[in-house]
Amino acid sequence: MSHPTKFGDRRGSIAAAVTVVLLLVGGALVGKAYSGTQSPPQPPAAQSAPSSAASASSSPGTTLSPSSSATTSTPASTSEFGPIMPPSSPISLAIPSIGVNTKGIVDLKLDKNGKLEAPQDFQKAGWYANGPTPGEFGPAVIGAHVDSKSGPAVFYRLGSLKKGAQVSVVRKDGSTARFVIDRVARYPKNAFPTATVYGDTNGRAELRLITCGGAFDQSTGHYVDNIVAFAHLIR
Amino acid sequence: MRTTTKIATVALGSAALLPFLGAGIAQAADGNTTATLRPVALNGVKANGTAMVTVSGTRIDVTMAASGLLAGSPHAAHIHFGADARHECPVAGDDAKGDGTINTTDGGPAYGPIVVSLTKTGDTSPKSGLAVDRFDTAPGGKISYERGSINVSSDVAQAITEGKAVVVVHGVDHNDNGKYDGETKSDLDPSLPTEATDPAICGVLNAAPAGGMDTGAGGTSTPNNEGMLLLGGGLLIAAVGSGAFTARKARNRV
Ligand SMILES: [Cu+2]
């Protein structure tokens, strides 16, 4: 007769222990979800972007060409040339309006598929070392992670960057290249506007800041969009 | 006998296919390349630029921008490639004669011969390499060049996409007197001073990145957060259930 009671007792105390564990773990998870990091800020997805950008974004493999099939040269006006600096690699990056101040910029290469590799270190920005240095003519490219597996990374707030914001890049030669943001856009990775982002800038020293955005695809372990900030060098 | 013939036929067939496969691979090398043009060693030109070459089969489209060049003088500009060259811009050690400057002969081992002449109009073959009346004269020291649909050989197209071609803009005013002159004649054309043909700025054409970047591990992403919230909430509901069970057990004992 006493067996069922004992058994009942044990079941009761196991259930009590389970209850405590469930409360602790469940509460912690809910707490982390609320108090912890929010999802990173997102600029609106690029829609029917202005003129050339729109046609260029139609396919990821779009050529960088200005698509003029002219057989003779059509020199653009040289009056729109901007300031320029001699070549020198970047060593640190500061974007005060979104709290970015990162030192020790790493060199980035292309992978086997021609895609730009991300920095190994979530807390470092990387620069495409086969392209122009920040301050030279052309689009200098700096990329950094939006987050790690556990929390925000260097470019967590890139999506909230506003037109007119200041960006400064300290270079190996001791000089500082100062840029101002022209626009911030979000593009699906499967329709990335290669020409708009990496194409020639026709006599302007420009900067591209790239990170991830949009939804996170658990099956691939990657975000589905890229956020790109476009900036140009100022004197 | 018959089997042997069949095998031979198959083997011959695949061998015949090989060139086409090869062509297919070369074709697939279409792409966008860019060069950052920097001052050539020893020649002391304070100029910079960029060039972009888009390859589609054996057709290329070119844009180029540069500033800081000798103003109002023709600047021969070319794409260079040589199978035996180093596929890079000349360095100080290429000054074979030791005269303290890099001339076109000195540049050869680094970037090879001319394969495309970036003229404004007309022929773009190596024959137009010194067609001074058809090159940009850099008003204000600046060049803004754009030319589409230049036909090249498949070897050249492939060299460009493989990062082996080099863009060179020539014309160096060594004595800073605002024009091409001097006793030393060009090793390409003795009717021109070497100043007119010495390489000024140079850059290797490299593949531009293709597509976007994978720059996130999802630690702050919305779906992940929702998952955490759902799981946590689920556990809390389960706690209510097991709590009730514990209470019932406790009541039963009384
Ligand atoms: Cu040349």
Side-chain angles (χ1 to χ4, degrees), chain A residues 8 11-12 15-16 18-19 22-23 25-26 29-30 32-33 37 39-40 60 63-66 68-76 78 81 84 87 110 114-116 118 130 132 136-138 143-152 189 192 194 198 200 202-203 210-212 216 222-223 226, chain B residues 31-32 34 36 38 46 48-52 54 56 61 63 65-67 120-121 136 139-140 142-149 206-226 228-229 231-236 238-239 242-243 245-246 249-250 252-253:
Chain A
R11 279 221 301 206
V18 166
T19 305
L22 288 177
L23 279 172
V25 175
L29 282 174
V30 171
K32 188 171 192 301
T37 53
S39 53
T63 62
L64 289 184
S65 124
S68 72
S69 48
T71 45
T72 54
S73 88
T74 47
T78 52
F81 273 36
I84 186 171
L110 303 184
K115 211 167 144 175
L116 192 53
N130 249 345
E136 284 188 282
F137 279 165
H145 289 278
V146 64
D147 61 13
S148 66
K149 281 199 168 78
S150 56
K189 283 180 186 171
F192 190 84
T194 299
Y198 305 121
D200 206 351
N202 293 316
I210 304 178
T211 195
C212 277
F216 188 76
H222 296 301
Y223 283 92
N226 272 124
Chain B
N32 311 302
T34 60
T36 304
R38 293 171 178 156
K46 287 191 177 63
N48 290 86
T50 54
M52 187 173 72
T54 303
S56 324
D61 298 323
T63 65
S67 75
K120 294 169 72 173
T121 55
D136 203 302
K142 294 171 178 177
I143 287 178
S144 187
Y145 176 87
E146 181 180 331
R147 185 156 182 182
S149 298
N206 276 306
M213 287 180 81
D214 289 328
T215 40
T220 68
S221 63
T222 313
N224 196 1
N225 238 19
E226 267 169 7
M228 200 151 43
L229 201 56
L231 179 61
L235 292 179
L236 286 181
S242 76
F245 180 79
T246 316
K249 280 286 152 203
N252 285 353
R253 273 177 60 193

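Convention: sequence-line order gives letters A, B, ...; per-chain numbering from 1. These values consider heavy atoms only, across backbone and side chains, with no hydrogens, waters or symmetry-generated copies. Since this is a predicted model, take the numbers as computed values, not measurements.
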A:S148 versus B:A217, closest heavy-atom pair with distance: C-CB, 3.4 Å

Any residue meeting side-chain hydrogen bond (donor to acceptor under 3.5 Å, both in side chains) with A:D147, in chain and number order, not counting sequence neighbours: A:Y223, B:T220

Any A:I84 side-chain heavy atom under 4.5 Å of B:S67 side chain: yes

Minimum heavy-atom distance B:A65-A:G203, with the two atoms named: CB-N, 3.5 Å

Stepwise side chain to side chain contact (heavy atoms under 4.5 Å, CB included) test for B:T215 and A:N226: CA-CA 8 Å; B:T215 40; A:N226 272 124; 4.0 Å; yes

Top of B:G49, B:A66, B:P209 for chain A proximity - count of heavy-atom pairs under 4.5 angstrom: B:P209

Which atoms of B:T50 approach chain A - backbone, side chain, both or neither, heavy atom under 4.5 Å: both

A:L110 portion near chain B, given a 4.5 angstrom heavy-atom threshold: side chain

Shortest non-hydrogen separation from B:M213 to A:C212 and the atoms involved: O-SG, 3.5 Å

Listed partners of A:K115 passing salt bridge (charged side-chain N to carboxylate O under 4.0 Å, His left out), at least two apart: B:D214

Under 4.5 Å from any heavy atom of chain A - which part of B:N206: side chain

